[in-house]
> 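Have a look at the structure that comes next, please.
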Amino acid sequence: MPYFIIVLGTAGSGKTSLTSMLHTYLVSHQLDAAIVNLDPAVEELPYDPDIDVRDYVDARDVMRRRGLGPNGALIASIDMLLANIQEIQDLVWSMKANYILIDTPGQMELFAFRDTGSIVLKSIVGDAKAVALYLIDSTYASRSSNIFSALLLAASTHARLGYPQVNVLTKVDLLSEEAMGKLTGLLDDPDTLSVEIASEKQASLVWDEEEISSILEKLLVFDIVPVSNTLGEGFDSLYAAIQRVLAGGEDYF
Ligand code: GTP
């Protein structure tokens, strides 16, 4: 049975780049890996997908024919995919790869908040083991309240899909050493992080420091792995985190 790696995250967080780099990483370690592109709106891909939903539905075409905007067309496209879901599942399962990477659309509300994205994923993955990689752009995580929002969204995605999850900090090559040190330090120190979050007005309007601290305790249960998709850094740690979820830590190299 294949292992599924589902790559999720907000628009521009690095899903396509990470899918491409992780595929290269797995293949360079002699592991069979295949890619499913689930984004009907993507124009160019840095990888050659083994299965591409654009062969079934093209969001640009849906936009033109139905007179919809980009968001509406994407939502309609994913709804339309359900009509072909059995064929897509059969194709995916015929691939015989050890790892099947699923690259998802930028409008992650499709997968984190609406039924259809979750139904599409569950139909494809079936009863195989799967891990969700939730990508957080580390340049966005420069303020503590942004880290808090990103972790809440990551938890919300997990609550929706129910797959074991690894949170991945992308684009760490764009952070200075000092900024990176501060970010990882805060993620390792929920007490300081909650003090900082509480000192920023948005969160403290609703929660006090103690409440934020107890929420953070729950939000930080998933591994958080820093990577650079452009430099290919952090992928040994990412692979280790994936293996801890999928194979109880067993290494296939
Ligand atoms: P959507 O599908 O549009 O939501 O985007 P995405 O999440 O697939 O992100 P994508 O991989 O297209 O990356 C968005 C931009 O960020 C591109 O210009 C990438 O080259 C850049 N990028 C992605 N990952 C990294 C990274 O680790 N470091 C740097 N420096 N740039 C990155």
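In listed order, ligands and their atoms are each counted from 1.
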> Would you mind checking which non-hydrogen protein atom is closest to atom 12 (O) of ligand 1, with the distance to 0.1 Å?
Thr16 CB, 4.2 Å
> Output the list of atoms in ligand 1 that are nearer than 4.0 Å to some heavy atom of Asp173, sorted by atom number.
26 (C), 27 (O), 28 (N), 29 (C), 30 (N)
> Is Lys15 paired with Asp103 through a side-chain N to carboxylate O contact shorter than 4.0 Å?
no
> Let me check something: do Ile119 and Ile102 share a hydrophobic cluster, defined by ILVMFWY side-chain heavy atoms less than 4.5 Å apart, either directly or through other members?
yes
> Considering only the protein, which heavy-atom contact is closest to atom 9 (O) of ligand 1, and what is its distance?
Gly14 N, 3.1 Å
> Under 4.0 Å and counting heavy atoms only, is there anything from the protein next to atom 17 (C) of ligand 1?
no
> Which heavy atom of the protein is the closest neighbour of atom 24 (N) of ligand 1, given with residue, atom name and distance?
Asn229 ND2, 3.0 Å
> Just wondering, do Met1 and Asp127 contact through their side chains at under 4.5 Å, heavy atoms?
yes
> Output yes when the distance from some N or O of ligand 1 to some N or O of Thr170 is under 3.5 Å, and no in every other case.
no
> Going by the order shown, which atoms of ligand 1 are within less than 4.0 Å of some heavy atom of Ser228?
27 (O)
> For atom 14 (C) of ligand 1, grab the closest protein heavy atom and report residue, atom and distance to one decimal in Å.
Gly12 O, 3.7 Å
> Write down the atom of Ala150, the atom of Ile136, and the distance for their closest heavy-atom approach.
CB-CG2, 3.8 Å
> State, without any angle test, whether Ser228 and Asp173 hold a side-chain donor-acceptor pair at a distance under 3.5 Å.
yes
> Any idea which heavy atoms bring Ala33 and Val27 closest together, and the distance?
CB-CG2, 4.3 Å
> Starting from atom 13 (O) of ligand 1, locate the nearest protein heavy atom and write down its residue, its atom name and how far away it is, to 0.1 Å.
Ser17 OG, 3.7 Å
> Is it possible for you to say whether Leu183 and Leu231 belong to one hydrophobic cluster, with membership spreading through side-chain heavy-atom contacts below 4.5 Å?
no
> Using a heavy-atom cut-off of under 4.0 Å, does the side chain or the backbone of Leu174 touch ligand 1, or both, or neither?
side chain
> In the protein, what heavy atom is nearest to atom 31 (N) of ligand 1, and what distance, to one decimal place, separates them?
Thr230 CG2, 3.8 Å
> Can you tell me which residue and heavy atom of the protein come closest to atom 22 (N) of ligand 1, and the distance to 0.1 Å?
Lys171 CE, 3.7 Å
> Please identify which atoms of ligand 1 are closer than 4.0 Å to at least one heavy atom of Lys15.
1 (P), 4 (O), 6 (P), 7 (O), 8 (O), 9 (O), 11 (O)
> Relative to the heavy atoms of Ala11, which atoms of ligand 1 are at a distance of less than 4.0 Å?
4 (O)
> Under 4.5 Å between side-chain heavy atoms, hopping through other hydrophobics if needed: is there a path connecting Val195 to Ile197?
no
> For the residue pair Thr170 and Asn229, confirm or rule out a side-chain donor-acceptor distance under 3.5 Å.
no
